[in-house]
2 protein chains.
Amino acid sequence: MQSSDCENCAIRSVALFGEIDEATVERLHHQAQQFDAPAGTELYTEGTPPDAAFTLREGVIKLVRGDGNGRPQIVRLLVRGEFFGAEGLFEELRHHSAIALTPVVLCRLPNDLLQQLQTEEPGFTTALLGRWRRALNEVEDLAVELGTRKAEGRIASFLLHWETKNGHAIEWLPLPLSRTELGELLGLRVETVSRVMARWKREKLFEERGGHIRLLERDRLRAVLETDDAA
Amino acid sequence: MQSSDCENCAIRSVALFGEIDEATVERLHHQAQQFDAPAGTELYTEGTPPDAAFTLREGVIKLVRGDGNGRPQIVRLLVRGEFFGAEGLFEELRHHSAIALTPVVLCRLPNDLLQQLQTEEPGFTTALLGRWRRALNEVEDLAVELGTRKAEGRIASFLLHWETKNGHAIEWLPLPLSRTELGELLGLRVETVSRVMARWKREKLFEERGGHIRLLERDRLRAVLETDDAA
DNA sequence: CGAGGTTTTGAGCGAATTCAATTCCGGTGG
DNA sequence: CCACCGGAATTGAATTCGCTCAAAACCTCG
């Protein structure tokens, strides 16, 4: 744990379009702790009281619900730069668990720091507002996929969106989700995900090597989306 | 259109836990217009630029996505007291359409009024934050239903939640959604929804009369939820 | 090289959709 | 007041899609 350099991550990245004065940053960022965690780490658990929020500096994290009773459902994937876990400001219990899919490096912002930011920095609240608005859109997107598409459409849609999310610049983009996890995100069983992806690899729609994939025939993937959803 | 009485609705209900001083309310609420609209009215349309937010004083509204190309998906149902449509503060285009399922009465808050509230009333932003946090939870709930349950489970879950949302006090709760719309919410086809509900009516799990339903065997509905999702 | 987990593949089954037809219901006009 | 119309709900039969169960092929790591 070290608090140095956090001015470039936690507070800064949160207050994207809010202007926080230097002194405040200086005073607050000592309370933010930066740290690493290996893949598989559970940052927090559904049903427990929230004690901090995080900024994800590097890696991928899944937010998953219903780990307990039924079948788990991944509700969101977080990539570098995202701020998450701030529901402590409004809720007693976490509504999902956060689990690292890769080694991660993040900054931890304890609840009281959040509270300070919220009351003392109007820019913070506004930034938070924008984030949640975007999060809401993402989850709505997911709901639409789950509600209106069948297996192939969901998978094609995911691949295309995942590429976008990771920037088209990278050719081989990391895919740190197992087939099972893809299923938990897309509401499908492992076998279904595997069957479709295996076939698409045979048909050269994309390649896969060591946890990374490369899309080859984006048009055919997009074509799947056309055919898939009913008229 | 009348602006009277809006201090009791729009601004007040938004600033639930923010304290707005009387003078400000007085000054602002003249810009909020109250009005009625019949069932079927489209308050705003997906893809158009947002020009106002609304407070729903009476009635039920559906937020629906993808009206255009594929199959439509209802992403949220709004009931009396809810504040919605404020994405204009952050986004260029509406991400879903808002359509009245019943006759509605609502207050309209034009964009510039929202802007004023946001900059001049810290309580407003905080309240908005809480709303969106709750909205996010609701949509996540929906995603979980869609991703992990099969037909019967989704319908049972909906009935139970709908009752809760309308308050257990009312015995005959209004169900202003057609079977088709229920399908668009739950990711099912009309026939599937109809089959399940018709059977449950035969088996006296609930009754239906003139657009209203009454749950009779909540336990058996809950039992469906247990059996439904895989272990 | 071997162990354990993940991915892939196959066969059979069950669930939900599609297509098609019938019944129900509210509202309208005679 | 009653017959009729049109949209919504219901029901049936056939089909497709995704799931389950089970086994084989693959890695990856020790």
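Chain identifiers are assigned alphabetically (A, B, ...) following the order of the sequence lines, protein sequences preceding nucleic acid strands; residue numbering begins at 1 within each chain.
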Next item on the list: Quickly work out the A:Leu188 CG to C:dT7 P distance and round it to whole Å.
Entry: 15 Å
Check: Would you find more than 12 non-hydrogen atoms of other residues, nucleotides or ligands less than 6.0 Å from A:His161 atom NE2?
Finding: no
Item checked: Whole-Å gap separating P (D:dA13) and CZ (B:Arg195) -> 11 Å
Next item on the list: Could you tell me whether the phosphate oxygens of D:dT16, OP1 or OP2, come under 4.0 Å of any side-chain nitrogen or oxygen in A:Lys150?
Entry: no
Note to self: Once you apply a heavy-atom cut-off of 4.0 Å, does A:Gly187 come out as touching a base, just sugar-phosphate, or nothing?
What the structure shows: sugar-phosphate
Next item on the list: Ignoring backbone atoms, test whether B:Arg179 places a side-chain nitrogen or oxygen under 4.0 Å from the OP1 or OP2 oxygen of D:dT10.
Entry: yes
Next item on the list: Nearest whole angstrom, please: distance from the C1' of C:dA16 to the CZ of B:Arg199.
Entry: 13 Å
Margin query: Check this for me, if you would: do B:Glu207 and B:Lys201 make a salt bridge, where the nitrogen-to-carboxylate-oxygen distance has to be below 4.0 angstrom?
Written below: no
Item checked: Residues that A:Phe84 engages under ring pair (Phe, Tyr, Trp, His ring centres under 6.0 Å), provided they are two or more places apart -> A:Phe54
Next item on the list: Provide, to the nearest angstrom, the distance between the NE2 atom belonging to B:His212 and the C1' atom belonging to C:dC25.
Entry: 16 Å
Check: Given D:dC17, is OP1 or OP2 found less than 4.0 Å from the side-chain N or O atoms of A:Arg189?
Finding: no
Notebook entry, point to check: OP1, OP2 of D:dA9 versus side-chain N and O of B:Lys201: anything below 4.0 Å?
Noted result: no
Next item on the list: Figure out the CZ/C1' separation between A:Arg149 and D:dG18, and round it to whole Å.
Entry: 17 Å
Checklist line | Length of the line joining A:Ile155:CD1 and D:dG18:C1', which is rounded to integer Å | finding: 11 Å
Next item on the list: Could you verify whether a donor N or O on one side chain and an acceptor N or O on the other, from B:Gln73 and B:Arg65, lie under 3.5 Å apart?
Entry: no
Check: Toward the 5' end of DNA chain D, which comes first, A:Gly211 or A:Thr192, by nearest nucleotide?
Finding: A:Thr192
Check: Going by modelled atom types, is there a donor-acceptor pair between the base of D:dC21 and the side chain of A:Glu191 at under 3.5 Å?
Finding: yes
Margin query: Please classify the nucleic acid contact of A:Arg202 as base, sugar-phosphate, or nothing, using heavy-atom distances under 4.0 Å.
Written below: sugar-phosphate
Next item on the list: Provide, to the nearest angstrom, the distance between the CH2 atom belonging to A:Trp200 and the P atom belonging to C:dT7.
Entry: 17 Å
Check: Does A:Ser194 put a side-chain nitrogen or oxygen below 4.0 Å from OP1 or OP2 of C:dT7?
Finding: no
Notebook entry, point to check: What is the distance, rounded to the nearest whole Å, between atom CG of A:Leu182 and atom C1' of C:dT7?
Noted result: 12 Å
Next item on the list: Output yes when A:Asp141 and A:Arg76 qualify as a salt bridge under the 4.0 Å nitrogen-oxygen rule, no when they do not.
Entry: no
